[in-house]
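This report refers to the structure that appears directly beneath it.
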Amino acid sequence: MNAKAQKPKGTGIDPGYYDGVTQAIRSAAVKLLQEGEVATVVGYLPGRRNGTAGPALVTSVEQAQKLVFSPACVNNLSLYLTKAKKGVLKPGRAAIVAKGCDLRALAGLMGEAQFKREDVTIIGIACAGVYRSATNAGTPLTEATIAWKCRECTVHTPEGVDVVAGTLPELPELTPAEALEIARLEALPQAERWAYWHEQFSRCIRCLACRQVCPFCYCEQCMCDRNRPQAVEGSPRPAGNTAWHITRAMHLAGRCAGCAECERACPMDIPLNLLNRRMAKELKELYDYEAGMVPQEKTPLTQYREDDDQSFIK
Amino acid sequence: MPLSITEQNLRQLVDTLVKERKLVVGPKLTDGLALYQPLSSGQELSLAKLPRRSAKELFFPICEDILSFEKNKQGTTVNDVDRSHFPEAVLIGAPPCDAASPAILDAVFSWDYQDPFYLKRRERSTIVGIGCRQGDDACFCTAVGIGPDSDNGSDLFLTQLKGGGFACSVVTPKGQALVDSHASLFGEGAAGQTRPFEGKLGDKLDLAKIKKWLDEHFEDPLWESIADICIGCGACAFICPACHCFDINDEGGTEKGTRRKHWDACGFSKFTNHASGHNPRDAQNKRYRNRIMHKFKYYDDKFGKTLCTGCGRCIRACPVGIDIADIIGTIEAK
């Protein structure tokens with residue numbers, strides 16, 4: 001499932017580019033906090049370990065001066081604006097640092113009335129790419145370590161944001177990986193494809209990192225937590241695991257913004273984003289819909305139209 | 001008397017134990033992912049990578065049946081799980097951060113309730129630990145008083161040698177029994193110089209000082225500052241060698257079903273949710289505080305042990321980069 005067969009190719013991205021984005025984020029964040037425009041900046045701070053960075057809810061100018069952007073800034077921070085994280089932001093407006101893929105999530109969340117555009121200042125990153133996994137931190141960004149989503153990215157340039165941080169460097173030509181993997185799986189006979197997913201889901205330990213890291217998994221009552229009656233077996237066993245992941249993929253169809261955080265967060269390396277991308281492909285084919293940068297209140301699966309495709313009803 | 005074993009003989013030992021119908025569990029690579037798995041041959045043993053999950057699951061499985069029940073016209077029958085079928089097991093190739101954990105967990109599983117599942121598996125298992133030769137910057141075993149050459153929890157302990165092979169030291173009678181029953185695979189006398197550890201080892205932290213701070217700071221701004229970003233998943237707890245909370249669920253239909261015990265995590269918002277709807281840990285930072293308190297205060301209060309072996313798994317796996325070594329280091333510096 002990974003690109004181990006290929007020889008890692010450097011991306012050739014100028015390291016100075018990341019410093020430029022960092023400076024732009026810092027000055028925007030400092031200004032917003034100093035002028036009282038926002039109470040919190042949701043951004044990235046460096047971690048203790050070499051080359052690492054993680055989410056931070058920055059409320060002081062002193063902290064804002066330490067904000068960074070690097071290939072280790074893998075997180076989609078938009079989840080901190082959802083009701084699942086209610087109460088962690090200081091009262092007042094918030095600013096958020098967002099890559100193009102995160103902007104799609106922000107648009108989706110606005111469409112679902114999680115927050116209003118006017119309540120959030122968006123610092124959009126002109127993004128050249130991030131690591132596939134936080135464990136790549138401190139290593140060069142290569143075709144092998146860059147996230148699969150970045151290899152097929154169409155949203156390098158942020159749109160509709162309040163501040164654009166950084167200037168895009170010359171971008172390397174990267175070969176798609178995820179699309180190829182989806183095509184490979186689709187070409188398998190059904191029994192083999194089922195065996196593939198059965199093997200993947202059997203590794204699941206139900207830590208629910210996929211759910212918790214997902215900006216769209218903000219349900220107050222998740223069906224997998226229900227026990228009266230139980231909807232999905234809560235114990236980590238293959239049948240319940242399969243039910244859980246398929247149900248989740250269905251619930252995200254037409255909503256998932258493709259940030260691939262579920263896959264990145266999975267400690268068992270289950271390629272969950274393949275399910276989400278496959279569902280996105282379905283939405284594209286059936287309804288010509290794809291997650292975009294503009295909030296939409298009514299998406300294909302939240303409305304009924306007489307001309308909807310009904311060929312699946314047999 | 002010092003003993004040694006060649007790598008070939010170590011693999012031969014696995015083969016022999018498998019032939020003896022023992023359950024042999026050790027690090028095994030599948031598609032690049034290392035996990036502790038039952039080995040079918042010595043060739044499968046892979047000592048290069050720290051397995052993604054700890055070895056606790058040999059004693060405390062991710063999920064296990066604890067009883068089954070059936071309802072019919074005659075009434076309800078409850079069937080216990082036959083624990084006499086639990087196999088004799090050998091855990092082989094566990095580094096000190098994994099080998100140390102069962103000895104820590106014994107305290108809680110044999111405290112007010114003797115957990116027959118855990119204890120039966122422990123009784124029937126022998127742990128062959130192996131000195132660790134490679135660490136990364138998430139490792140902090142030395143900070144919590146373990147080290148790459150620590151034989152805590154091992155029954156037999158292997159140390160890698162420069163020229164290949166291992167020096168063996170017998171730590172417990174179980175380890176001695178394993179050596180005695182396979183004596184031909186072991187050589188006598190030290191077989192060479194120890195392979196040096198590659199990587200940086202941190203200093204031991206003052207765990208008593210950390211505990212004292214925790215004793216006095218149940219309420220502190222630190223908790224919000226480190227854990228408001230916590231997303232409330234169970235990744236840290238599930239891959240931890242020492243976290244041992246579990247949930248019990250009845251699963252099945254109205255006629256019959258199974259009672260299952262499976263891993264749970266204090267990071268989940270439902271973990272302390274009362275039937276009334278009240279949740280005493282009603283914010284994520286309070287749940288994360290519990291993780292630190294349990295490891296470095298409550299377990300010490302109750303059993304005189306620290307509930308952390310410094311393996312660094314939670315640091316590597318946390319989706320939002322929460323770094324427990326950084327946190328206890330910060331507390332110690334206060």
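Just the heavy atoms: all of them, side chains too, but no hydrogens, waters or symmetry mates, feed the values below.
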Task: Close side-chain approach of B:Q284 and A:V88, heavy atoms under 4.5 Å - done: no
Open item on the list: Need one label for B:L33: side chain, backbone, both or neither, based on atoms under 4.5 Å from any heavy atom in chain A.
Closed with: side chain
Task: Side chain, backbone, both or neither of A:T52 within contact of chain B (heavy atoms, under 4.5 Å) - done: neither
- [ ] Output the option from B:D247, B:N249, B:D136, B:I315 having the highest count of non-hydrogen pairs under 4.5 Å with chain A.
- [x] B:I315
Open item on the list: At a 4.5 Å cut-off on heavy atoms, which part of A:N50 comes close to chain B: side chain, backbone, both, or neither?
Closed with: both
Task: Under 3.5 Å: donor-acceptor pair, side chain of A:R264, backbone of B:P319 - done: yes
Task: Interatomic distance, A:R237 atom CZ to B:H262 atom NE2 [nearest 0.5 angstrom] - done: 10.0 Å
Task: Positions in residues 320-330 of chain B that reach chain A, provided some heavy atom is under 4.5 Å away - done: B:V320, B:D323, B:A325, B:D326
TODO: Can you measure from NZ (B:K270) to CZ (A:R226) and round to the nearest 0.5 angstrom?
DONE: 10.0 Å
TODO: Considering non-hydrogen atoms only, spot the tightest contact between A:P236 and B:I62 and give its length.
DONE: CG-CG2, 3.1 Å
Open item on the list: Restricting to non-hydrogen atoms, name the atom on A:C207 and the atom on B:A235 that form the minimum distance, rounded to 0.1 Å.
Closed with: CB-N, 3.6 Å
TODO: Give, as side chain, backbone, both or neither, the part of A:L77 having an atom under 4.5 angstrom from any heavy atom of chain B.
DONE: neither
- [ ] Go through the atoms of A:Q63 and report whether side chain, backbone, both or neither lie under 4.5 Å from a heavy atom of chain B.
- [x] neither
Open item on the list: Which atoms of A:E233 are under 4.5 Å from chain B, going by heavy atoms: the side chain, the backbone, both sets, or neither?
Closed with: both
TODO: Grab the two heavy atoms, one from B:R260 and one from A:S235, that are nearest each other, plus how far apart they are.
DONE: CD-OG, 3.7 Å
Open item on the list: Using 0.5 Å steps for rounding, measure from the CG atom of B:D228 to the NZ atom of A:K85.
Closed with: 7.0 Å
Task: Contacting region of A:A56 [heavy-atom separation from chain B under 4.5 Å] - done: backbone
Task: Atom pair CG/CZ of A:L208 and B:F268 - distance to nearest 0.5 Å - done: 4.5 Å
Open item on the list: So which atom in B:A138 and which in A:R48 form the shortest heavy-atom distance, rounded to 0.1 Å?
Closed with: CA-NH2, 4.3 Å
Task: Minimum-distance pair of heavy atoms, taken over all atoms of A:Y80 and B:I231 - done: OH-CG2, 4.1 Å
Task: Segment of B:A265 engaging chain A (4.5 angstrom heavy-atom cut-off) - done: neither
TODO: Let me know if B:C230 has heavy atoms under 4.5 Å from chain A in its side chain, its backbone, both or neither.
DONE: backbone
TODO: Rounded to the nearest 0.5 Å, what's the gap from CZ on B:F238 to CZ on A:R206? Could you check?
DONE: 10.0 Å
Task: Straight-line distance of B:T30 OG1 to A:R203 CZ, nearest 0.5 Å - done: 8.5 Å
Task: Which atoms of A:A134 approach chain B - backbone, side chain, both or neither, heavy atom under 4.5 Å - done: neither
Open item on the list: Which atoms of B:R316 are under 4.5 Å from chain A, going by heavy atoms: the side chain, the backbone, both sets, or neither?
Closed with: both
